[in-house]
K.L.:
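Pasting a structure below so you can have a look.
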Amino acid sequence: MAQGNNFPLLKNAREHHTSKFSSEELIVRRGQAFTITFNGAERPEQNLIFIAETGPKPSKATKTLATFDISSTASKEGWGAVVQSSSASSVSISISSPHNAVIGRYRLSVQSGSSSPQSLGTFVLLFNPWASGDDVFMPNAAECEEYVLEEFGIIFAGNKNHISSFGWNFGQFQGDILNICLAIMDRSLYYRQDPITDVSHRHNPRYLGRVLSAMVNANDDQGVVLGNWSGKYEGGKNPTSWTGSGEILQSWKKSGFKPVKYGQCWVFAAVLTTVLRCLGIPTRTITNFSSAHDADGNLRVDEFYDAEGNHLERGADSVWNFHVWNESWFTRNDLGPSYSGWQVLDATPQEESGGIYQCGPASRHAIKEGEVELDYDGPFVFAEVNADCMYWNYDSATGKKTLIFSKATEIGASISTKAVGRDARVDVTRDYKYEEGSAKEREIFKKARKKLGLEDKFDPTAPKQEEVEQKPDISGKFKVAGSLEVGKDLNLLLVLENLQSDAKTVNVNMTAWSTLYTRRRVNQIWKDSLSVTLAPKEEKQFPIKIKYPEYQQQLTTDKTIQVTALCHVKDGIQVLVKRNITLDNPAIDIQVLGEAKVNKEVVVEVAFTNPINEEVKDCVLQVEGSDLLQGILELRWVPEPSPAIRHTGMWAWMSWN
């Protein structure tokens with residue numbers, strides 16, 4: 001039987017919130033009835049047995065095979081069939097699936113009496129956040145719209161002092177994306193090791209979230225995206241050049257499922273968002289600023305500096321300017337009702353969990369309450385948002401390290417996500433931890449350390465005298481004086497204040513390095529030193545200018561610079577002053593010319609202003625938009641040199657569907 005004849009696609013799609021899929025196959029959600037029809041000679045007999053099966057070896061024991069007949073009432077527990085309407089020419093039958101059915105592609109057939117089963121076709125069954133019995137049920141309709149059906153999103157980046165954002169085309173309903181998402185599940189290590197058990201667990205969003213967090217990165221399983229934080233991207237694309245998940249997922253399939261080069265944290269998070277939304281699990285991206293990577297699981301990160309103030313690559317711990325992960329919404333039947341809701345998943349390969357690079361799901365509520373012993377990966381996620389920072393001076397000649405200072409309020413700032421229905425930032429920091437520096441926050445931190453069996457001191461393996469933190473005689477900070485834009489000089493003020501009632505002599509060593517967003521040093525840009533005497537309680541400001549030609553060739557595509565000042569106070573302790581700076585690229589202005597109408601072409605003007613007084617070569621404008629363009633549009637042009645004149649790069653024609 002032709003699938004379209006038996007499966008009214010439009011009616012079912014409308015009722016199941018699957019109208020956006022670009023497919024001729026029936027796509028429905030579990031726990032909700034869908035309709036099949038029989039016309040004319042196809043009219044079924046009354047003693048029909050329906051067979052729904054999925055996976056390589058379907059069985060009732062694994063809940064991958066269901067047989068059911070026509071009854072007078074719909075089944076509340078399992079699969080069922082009820083006659084909806086009947087006439088001389090047709091019969092409509094309502095097929096229902098359980099709220100906890102395995103998701104994936106099913107084969108549906110019908111058998112009459114002792115005859116052989118007759119195929120009715122295939123359909124895809126997805127999670128159903130609109131159904132109250134589903135583990136992914138989300139009661140707020142606007143949130144369902146945003147976290148399942150919305151194809152375009154905003155991802156936040158930059159640093160805690162200068163938050164920026166960029167758009168991303170998730171495109172979960174486009175082209176062949178659903179088939180690719182189903183293929184991702186069938187190529188996981190879990191499936192390859194035991195396909196029958198793996199498929200039987202696909203009713204559980206907790207299980208699938210963990211599996212897919214591993215499959216989106218390529219580290220263990222030839223997954224979708226290969227990570228690269230080297231700053232060199234030969235043989236692939238710079239992670240900053242991606243604008244959507246569709247191109248990445250299509251490239252993975254077209255290459256014969258070879259990892260796509262290259263990705264960084266926001267790419268992994270965006271692709272995982274696409275896959276999980278496609279399968280029906282409500283999902284969003286989360287950006288954590290000053291995000292800790294605690295490699296040794298002691299809930300603290302150690303940073304080392306030499307006498308010149310240079311940040312040393314020593315130890316596995318690090319603090320990233322920002323890190324992007326996912327939250328997905330589902331119940332935690334394994335933990336209890338209070339731990340349900342938003343769950344943290346992270347596809348960026350940072351540390352192994354269970355022997356492979358996967359992370360989560362970790363209950364966000366558990367993280368806030370310091371319940372780090374609960375599944376999965378609680379200590380790592382807790383440290384990302386609430387580790388303590390230890391800053392050390394390291395003498396490479398002697399191997400001695402001296403604590404400069406510690407800070408309990410550095411990690412986990414301005415944790416951000418896109419607002420529901422609006423292109424605005426929502427701060428969710430308080431959903432991850434209590435107010436920074438409060439007694440409750442410190443209580444939770446100590447609770448987490450106790451659960452991990454950690455002594456409540458900095459480092460029990462180090463000599464105690466090295467970890468005695470003294471109060472400094474002076475304080476310092478960097479202030480930005482002017483704009484933070486690529487192509488312009490960087491103007492800062494170093495502000496030093498004497499905290500004591502007697503004069504202090506200070507020698508200051510200053511450096512500036514271009515970095516990756518992970519704060520890994522790449523190129524030294526500038527260095528200087530100064531000596532100053534501060535009168536009692538005196539504050540002084542010292543202007544710093546780093547000219548554009550000084551950093552132009554040293555800057556990475558992350559556009560980040562770390563400036564440090566290590567202050568050596570005579571007869572006092574050292575003071576470290578640092579600031580991480582993210583520069584903005586010149587803006588691209590987009591203006592729709594004329595009225596935009598459905599199914600009519602519209603002209604869009606794209607304008608770019610060259611900010612520097614020299615020619616910029618090999619400019620490429622990349623345009624992407626769900627249902628607005630077929631694929632990705634790339635246009636090339638050369639803006640003339642002049643910081644004072646606005647240049648229109650080109651006119652772009654878009655099909656507005």
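Computation of the quantities below employed the complete heavy-atom set of this structure, encompassing side-chain atoms and omitting hydrogens, waters and symmetry-equivalent molecules. Only a predicted model underlies this, so the values are computations on that prediction, with no experimental measurement involved.
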K.L.:
Using distance alone, with no hydrogens and no angle criterion, decide if E247 and N169 have a side-chain donor and acceptor under 3.5 Å apart.
P.N.:
no
K.L.:
Quick test of your reading: applying ring-ring contact (aromatic ring centres under 6.0 Å, His included), list the pairs with at least one residue in residues 281-301, sequence neighbours left out, ordered by first then second residue.
P.N.:
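For residues 281-301, and leaving out neighbouring residues, the ring-ring contact (aromatic ring centres under 6.0 Å, His included) pairs sorted by first residue read H293-F380.
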K.L.:
Indicate whether the side chain of D558 and that of T556 have a donor and an acceptor atom separated by less than 3.5 Å.
P.N.:
no
K.L.:
Have T273 and T283 got a donor and an acceptor in their side chains that come within less than 3.5 Å?
P.N.:
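Judged by distance alone, the side chains do not pair up.
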K.L.:
Taking the cut-offs as 6.0 angstrom to the six-membered ring centre and 45 degrees off its axis, would you call K440 and Y434 a cation-pi pair?
P.N.:
yes
K.L.:
Take E384 and N288 through the test side chain to side chain donor-acceptor pair (under 3.5 Å) and record every step on the way to the result.
P.N.:
CA-CA 8 Å; E384 285 184 305; N288 179 40; over 6 Å; no
K.L.:
Is the cationic atom of R277 (NZ for Lys, CZ for Arg) positioned less than 6.0 Å from the six-membered ring centroid of F170 and within 45 degrees of its normal?
P.N.:
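Pair R277/F170 counts as cation-pi.
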K.L.:
With R284 as the cation and W342 as the aromatic partner, state whether NZ or CZ is under 6.0 Å from the six-membered ring centre and within 45° of the axis.
P.N.:
yes
K.L.:
Test side chain to side chain donor-acceptor pair (under 3.5 Å) on R105 and N179; report intermediate values, then the result.
P.N.:
CA-CA 9 Å; R105 177 168 280 114; N179 287 327; 2.5 Å; yes
K.L.:
So, is the end of the R29 side chain (NZ or CZ) under 6.0 Å from the ring centre of F127 and within 45° of the ring's axis?
P.N.:
no
K.L.:
Considering residues at least two apart in sequence or located in another chain, which fulfil the side-chain hydrogen bond (donor to acceptor under 3.5 Å, both in side chains) criterion with T331?
P.N.:
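Only D135 meet the side-chain hydrogen bond (donor to acceptor under 3.5 Å, both in side chains) criterion with T331.
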K.L.:
Between side-chain atoms of residues 259-269 and protein atoms elsewhere (two or more places apart, or another chain), which donor-acceptor pairs fall under 3.5 Å?
P.N.:
| residue | atom | partner | partner atom | Å |
| --- | --- | --- | --- | --- |
| Y262 | OH | E234 | O | 3.0 |
| Q264 | NE2 | N228 | O | 2.8 |
| Q264 | NE2 | Y233 | OH | 3.0 |

K.L.:
Compute both the distance and the angle, then confirm whether K237 meets the cation-pi test with W242: under 6.0 Å from the six-membered ring centre, within 45 degrees of the axis.
P.N.:
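Positive - K237 is close enough to the ring of W242 and near enough to its axis.
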K.L.:
Should the pair E410-K160 be classified as a salt bridge under the 4.0 Å nitrogen-to-oxygen rule?
P.N.:
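A salt bridge is present here (some side-chain N lies under 4.0 Å from a carboxylate O).
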K.L.:
Does a side-chain N-to-carboxylate-O contact under 4.0 Å join K11 and E15?
P.N.:
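Between E15 and K11 there is a salt bridge, with a charged N closer than 4.0 Å to a carboxylate O.
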K.L.:
So, D388 and K407, do they make that salt bridge, N to O below 4.0 Å?
P.N.:
no
